[in-house]
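A quick note: this is a predicted structure, and the numbers were derived from the prediction, not measured.
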Amino acid sequence: MSDSILIRGAFIRLTKVIILASAAYSTFGLCLNQQAPPQNLVNQTKPNILLIVADDMGFSDIGSFGGEISTPNLDTLASDGGLKLTNFHVAPTCSPTRSMLMSGTYNHLAGLGAMAEWVADNQRNKPGYEGYLNERVAPLPALLKDAGYHTFMAGKWHLGMLDGQGPDSHGFDESFAMLPGAGDHYSDRGLFPFMAKTPYRENGKGVTLPENFYSTEFYSDKAIQYIDEAIKGKEQPFFGYLAYTAPHWPLQVDKKYSDKYKGKYSAGYEHIKAARLEKLADLGLIDTHGTHGSGNACYPQWQQLSSVEQAKQARLMEIYAGMVDALDENIGRVVQHLKDIGQFDNTLIVFLSDNGADARPEQGLADEAKYVQKTFDNSMQNMGSANSFVSYGGAWAQVSNTPFSLHKGMVNEGGIRVPAIIRLPKHQTSENNESQTLTEFTSVMDLLPTFIDLAGGKLPGTEYKGREVLPVAGKSILPYLRGEQDYVHKNEAYGFSVHGRQGLQYNQWKLVRLPAPFAKGQWQLYNLDEDLGETRDLARQQPKKLREMIARWNSFAKETGVIISDKNVKTPKECLIEQRSKLVSQVYE
């Protein structure tokens with residue numbers, strides 16, 4: 001982890017921050033010209049809080065993080081007084097991240113040690129592996145409600161399917177939720193043979209979707225509705241959780257969005273990645289001489305594809321880009337509504353992705369492929385429409401996660417480091433309203449204590465409403481933003497484990513263990529200060545450091561109740577490009 005040495009002047013209203021020196025940054029690093037955190041955070045009034053989560057979006061997909069996709073609204077949030085967090089970490093997959101978000105502690109404790117869909121036999125019915133947000137945590141919306149907030153959510157829940165496990169049972173005053181982890185973007189039609197219909201609930205009761213439903217637009221409409229209901233005749237702030245399902249597969253969006261990108265991706269994976277690396281360097285987010293994720297041999301290079309395959313792959317990425325474009329447009333609608341009703345300046349807005357981009361094979365996972373082929377029309381001209389079901393595969397996922405290695409489901413940076421933006425309420429920003437890049441290590445667990453801190457509430461400790469609960473593991477980032485300290489976490493281990501993959505980060509050191517075909521199940525060791533692309537395994541060169549990191553992992557696993565899956569991992573016997581169509585279940589199993 002890189003540190004900045006900041007010497008600050010008097011902490012008064014017109015504070016002038018002078019940056020005297022900077023410690024050496026990561027070779028691939030982080031911000032080259034880091035500005036100081038904003039000063040003069042004064043809690044004049046309780047602000048509204050709007051948390052916006054994208055689903056499976058890569059680190060460099062949006063413009064302000066190096067992407068070519070048109071995202072003017074998110075870019076404005078990041079540039080007009082916003083803060084870009086370039087070292088923000090989540091869990092490798094979606095529901096574990098959401099459990100950490102809602103609990104402020106590790107997913108292995110909060111109930112999603114494994115995704116409910118992929119719990120192994122040796123994990124089943126064990127504490128921390130219940131498959132839903134368990135009773136051992138005090139949920140974020142309930143804590144904010146205790147602090148005087150009106151709470152609502154719209155979008156993906158993925159933290160429990162049964163009665164008593166939904167958002168209405170965890171402190172949300174109002175909620176419109178898709179309960180499982182994925183759904184058709186145009187209807188409640190089920191995507192899998194075991195789920196004919198995707199369940200939706202409003203305030204805990206089953207609902208029927210409107211005929212003109214499109215997930216991104218509908219959730220935005222609901223958020224606007226709930227915002228209006230929250231402020232109408234009430235003198236209390238609101239906490240809104242807007243949990244989009246875009247750009248999660250199936251890739252579906254109106255052609256007015258996807259056709260904007262026709263021809264944009266015909267040059268292929270390597271060309272787009274190179275352009276993103278160049279833009280990231282221009283933005284000052286990476287070092288041009290540093291390492292970057294080199295890709296994985298399981299996925300093809302562009303020149304290895306036939307012209308027909310290239311056309312299909314280009315179209316898949318056009319559709320994905322269209323989904324991100326539509327997502328940005330709808331976030332813009334919500335933000336504009338806050339401005340129209342005079343609430344924008346008093347609203348903390350946080351945006352993040354729940355994990356890295358997904359490498360789900362375009363033909364589906366395992367037996368899913370036959371069902372998809374039989375049930376949906378995935379012809380070239382129909383891809384992206386309401387009756388199609390496609391994803392864009394591992395090669396594009398690695399591009400989306402530029403500059404990092406691999407993708408969702410992995411404990412490499414491509415799976416767990418995501419774009420994040422924070423825009424503070426106007427009265428809590430510094431006089432200098434320029435965009436700033438925050439490079440200190442932060443995680444999704446830090447949001448709960450940050451929100452409670454900003455709201456003037458109290459963390460529950462070890463007891464909440466008469467029941468024993470787990471303490472919050474995250475830390476408020478406000479002391480860093482106030483300039484009271486120049487770090488959020490120091491000398492702290494951050495561990496991750498899901499579905500046969502494990503890892504741990506401690507300062508600049510990163511421990512990784514992956515199964516075949518990505519690795520051989522042995523511990524790998526990386527120095528992120530020198531190799532953020534995770535390209536040089538130092539396990540053999542640094543045996544003492546490796547043993548030290550493994551000891552930290554063992555302590556972490558014991559403290560958080562990690563149970564390593566004994567599920568047989570289905571992998572191809574050989575990882576060859578010509579066999580890529582046979583690669584199944586490599587993201588989740």
Do [X] and [Y] make a side-chain contact, defined as non-hydrogen atoms from C-beta onward lying under 4.5 Å apart?
X	Y	result
R501	P92	no
R98	V53	yes
F451	L348	yes
V207	K205	no
Y129	N134	no
S103	R136	no
M102	V137	no
E130	V119	no

TODO: Check side chain to side chain contact (heavy atoms under 4.5 Å, CB included) between N491 and all other residues, then give those that pass, not counting sequence neighbours.
DONE: Y506, N507
Task: Counterpart residues, side chain to side chain contact (heavy atoms under 4.5 Å, CB included), relative to A397 (two or more places apart) - done: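 Expected list: A357, A359, Y392, H407.
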Open item on the list: By the salt bridge (charged side-chain N to carboxylate O under 4.0 Å, His left out) test, which pairs, at least two apart or in different chains, include something from residues 182-191?
Closed with: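 Applying salt bridge (charged side-chain N to carboxylate O under 4.0 Å, His left out) to every pair that reaches into residues 182-191, excluding sequence neighbours, yields D184-R189, D188-K197.
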Task: Pairs meeting criterion salt bridge (charged side-chain N to carboxylate O under 4.0 Å, His left out) with involvement of residues 467-477, two or more places apart - done: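 For residues 467-477, and leaving out neighbouring residues, the salt bridge (charged side-chain N to carboxylate O under 4.0 Å, His left out) pairs sorted by first residue read K475-E492.
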Task: Matching residue for K222 among E174, E202, E217 - test: side chain to side chain donor-acceptor pair (under 3.5 Å) - done: E202
TODO: Could you point out which residue of Y186, F176, F218 forms a ring pair (Phe, Tyr, Trp, His ring centres under 6.0 Å) with F213?
DONE: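 It is F218, the one option of Y186, F176, F218 that forms the ring pair (Phe, Tyr, Trp, His ring centres under 6.0 Å) with F213.
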Can you tell me if [X] uses its side chain to pair, donor with acceptor, with the backbone of [Y] under 3.5 Å?
X	Y	result
N346	Q343	no
Q236	G148	yes
N48	T347	no
T97	A91	yes
T151	D173	yes

- [ ] Apply salt bridge (Lys or Arg N to Asp or Glu O under 4.0 Å) to E413 and list each qualifying residue two or more places apart in sequence or on a separate chain.
- [x] R417, K510
Point-to-point distance, once rounded to the nearest 0.5 Å, from [atom1] of [X] to [atom2] of [Y]:
X	Y	atom1	atom2	answer
L504	R552	CG	CZ	8.0 Å
K408	N401	NZ	CG	11.5 Å
L481	I422	CG	CD1	6.0 Å
L454	L447	CG	CG	11.5 Å
T198	M178	OG1	CE	7.0 Å
Q252	Y214	CD	OH	7.5 Å

Open item on the list: I'd like to know if K465 pairs up with D146 as an ion pair, taking the criterion as any Lys NZ or Arg NE/NH1/NH2 lying under 4.0 Å from an Asp or Glu carboxylate oxygen.
Closed with: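 Judged by the 4.0 Å cut-off on N to carboxylate O distance, K465 and D146 do form a salt bridge.
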TODO: Sorted by first residue and then second, give each side-chain hydrogen bond (donor to acceptor under 3.5 Å, both in side chains) pair with at least one member in residues 154-166; sequence neighbours left out.
DONE: D55-K156, E117-H158
TODO: Check each of K490, Q508, H489 against F441 using the side chain to side chain contact (heavy atoms under 4.5 Å, CB included) test, and report the only one that passes.
DONE: H489
TODO: Using side chain to side chain contact (heavy atoms under 4.5 Å, CB included) as the criterion, point out the one residue from I49, I331, L338 that pairs with I349.
DONE: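 With I349 as partner, I49, I331, L338 yield a single side chain to side chain contact (heavy atoms under 4.5 Å, CB included), made by L338.
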Looking at every heavy atom in both [X] and [Y], which two are closest together, and how far apart are they?
X	Y	value
A230	H150	CB-CD2, 3.4 Å
A116	G131	CB-O, 3.6 Å
F344	V335	CE1-CG1, 3.6 Å
P237	P47	CB-O, 3.7 Å
S476	T450	CA-OG1, 3.4 Å
A114	W118	CB-O, 4.3 Å

- [ ] Would you check, one step at a time, whether the test side chain to side chain contact (heavy atoms under 4.5 Å, CB included) holds for L438 with F88?
- [x] CA-CA 9 Å; L438 306 185; F88 188 85; over 6 Å; no
TODO: In sequence, state the C-alpha distance, the side-chain angles, and the governing distance for Q123 and S565, and then conclude on side chain to side chain contact (heavy atoms under 4.5 Å, CB included).
DONE: CA-CA 7 Å; Q123 298 168 334; S565 171; 3.7 Å; yes
Task: D168 side chain to N203 side chain, donor-acceptor N/O pair below 3.5 angstrom - done: no
- [ ] Report yes or no: do D354 and H248 form a side-chain donor-acceptor pair below 3.5 Å?
- [x] no
Step through the shown structure and confirm whether more than 12 heavy atoms of other residues, nucleotides or ligands are within 6.0 Å of [atom1] on [X].
X	atom1	value
N125	CG	no
E463	CD	yes
K458	NZ	no

Please enumerate all residues that pass ring-ring contact (aromatic ring centres under 6.0 Å, His included) together with [X], with sequence neighbours excluded.
X	value
F556	Y106, H108, W553
F238	F152
F59	F65, F404
F239	none

Open item on the list: If the condition is side chain to side chain donor-acceptor pair (under 3.5 Å), which residues does E229 pass it with, not counting sequence neighbours?
Closed with: Q225
Open item on the list: If the condition is side chain to side chain donor-acceptor pair (under 3.5 Å), which residues does Y219 pass it with, not counting sequence neighbours?
Closed with: none
Task: Derivation of the side chain to side chain contact (heavy atoms under 4.5 Å, CB included) call for Y244 and N330 - done: CA-CA 10 Å; Y244 289 106; N330 279 276; 4.2 Å; yes
TODO: Verify side chain to side chain contact (heavy atoms under 4.5 Å, CB included) between S497 and I564, making sure each step is shown before the conclusion.
DONE: CA-CA 8 Å; S497 173; I564 304 298; 4.2 Å; yes
